[in-house]
Amino acid sequence: MRVTVSHNKTRQEAMKAVDDATADLLRALATGPVQIVDQKKNWQGNVMHFTVKGRMAVFSATVVGTIEVTDKEIIIEADLPALLTKVLPEEKIRAGIETKVKGLLT
């Protein structure tokens, strides 16, 4: 899944906003009955690499991806497990992430 949101901040301001709100932003990957049980992040230049482990009842799944901050965009790439997309449609996940990112930038 790929989500791209334009921004009017400096790259540093956008990176700080993403870094400060990472927990909320990554939580948007797991809405509804899915609970976040572990998350990790690591910046390499202007790209944050992340891993989020979610659980629903006895099932668990891990989402791995990146958040790239450019001068004009925030680009989120995430590999969604089949289990997650069976419970939550990808469009619903995408919409939740877009809303969270746009909220960071206002």
Side-chain angles (χ1 to χ4, degrees):
M1 176 186 71
R2 182 181 176 111
V3 177
T4 302
V5 177
S6 299
H7 70 82
N8 293 322
K9 296 185 176 289
T10 67
R11 183 185 298 188
Q12 305 321 15
E13 289 171 334
M15 287 175 67
K16 182 174 178 356
V18 168
D19 194 61
D20 290 348
T22 299
D24 287 340
L25 187 59
L26 296 180
R27 226 174 281 132
L29 289 170
T31 57
V34 180
Q35 297 178 334
I36 299 295
V37 293
D38 189 28
Q39 60 184 335
K40 295 177 179 142
K41 67 177 180 176
N42 177 35
W43 283 97
Q44 294 178 352
N46 65 318
V47 179
M48 176 196 291
H49 297 263
F50 67 86
T51 304
V52 180
K53 184 175 182 180
R55 179 175 297 152
M56 184 181 81
V58 297
F59 300 103
S60 66
T62 302
V63 176
V64 177
T66 60
I67 302 173
E68 179 181 1
V69 180
T70 70
D71 290 335
K72 299 290 179 192
E73 296 177 321
I74 295 174
I75 305 160
I76 301 165
E77 299 260 358
D79 295 325
L80 301 178
L83 175 64
L84 180 60
T85 57
K86 286 182 181 182
V87 176
L88 297 168
E90 186 173 318
E91 287 306 314
K92 184 173 182 174
I93 297 168
R94 180 180 282 115
I97 291 172
E98 285 176 0
T99 299
K100 292 277 187 194
V101 172
K102 288 176 183 176
L104 293 174
L105 303 173
T106 57

Taking all non-hydrogen atoms of both residues into account, name the closest pair between [X] and [Y] and its distance.
| X | Y | result |
| --- | --- | --- |
| T62 | P81 | O-CG, 3.3 Å |
| S60 | K53 | OG-CE, 3.8 Å |
| M15 | G45 | CE-O, 3.3 Å |

Pairwise distance [atom1]([X]) to [atom2]([Y]) - rounded to 0.5 angstrom:
| X | Y | atom1 | atom2 | answer |
| --- | --- | --- | --- | --- |
| I74 | N46 | CD1 | CG | 11.0 Å |
| I67 | I76 | CD1 | CD1 | 5.0 Å |
| I75 | E77 | CD1 | CD | 7.5 Å |
| E90 | I97 | CD | CD1 | 9.0 Å |
| M1 | R94 | CE | CZ | 6.0 Å |
| R11 | E73 | CZ | CD | 11.5 Å |

Original post:
Is the number of heavy atoms from other residues, nucleotides or ligands under 6.0 Å of K9 NZ greater than 12?
Top reply: yes
Original post:
Is it the case that more than 12 heavy atoms not belonging to N8 sit under 6.0 Å from its CG atom?
Top reply: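 It does not: N8 CG has 12 such atoms or fewer within range.
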In terms of hydrophobic clusters joined by side-chain contacts under 4.5 Å, are [X] and [Y] together?
| X | Y | result |
| --- | --- | --- |
| I93 | V37 | no |
| V64 | V3 | no |
| V18 | V47 | no |

**OP:** Keeping the roles fixed (side chain from H7, backbone from T70), state whether a donor-acceptor pair exists under 3.5 Å.
**Re:**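 Pair found, side chain donor or acceptor close to backbone of T70.
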Original post:
Salt bridge check: are E13 and K16 linked by an N-O gap of less than 4.0 Å?
Top reply: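 Answer for the salt bridge query: no.
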**OP:** Show the numbers, then the answer: is there a side chain to side chain contact (heavy atoms under 4.5 Å, CB included) between D19 and K41?
**Re:** CA-CA 9 Å; D19 194 61; K41 67 177 180 176; 2.8 Å; yes
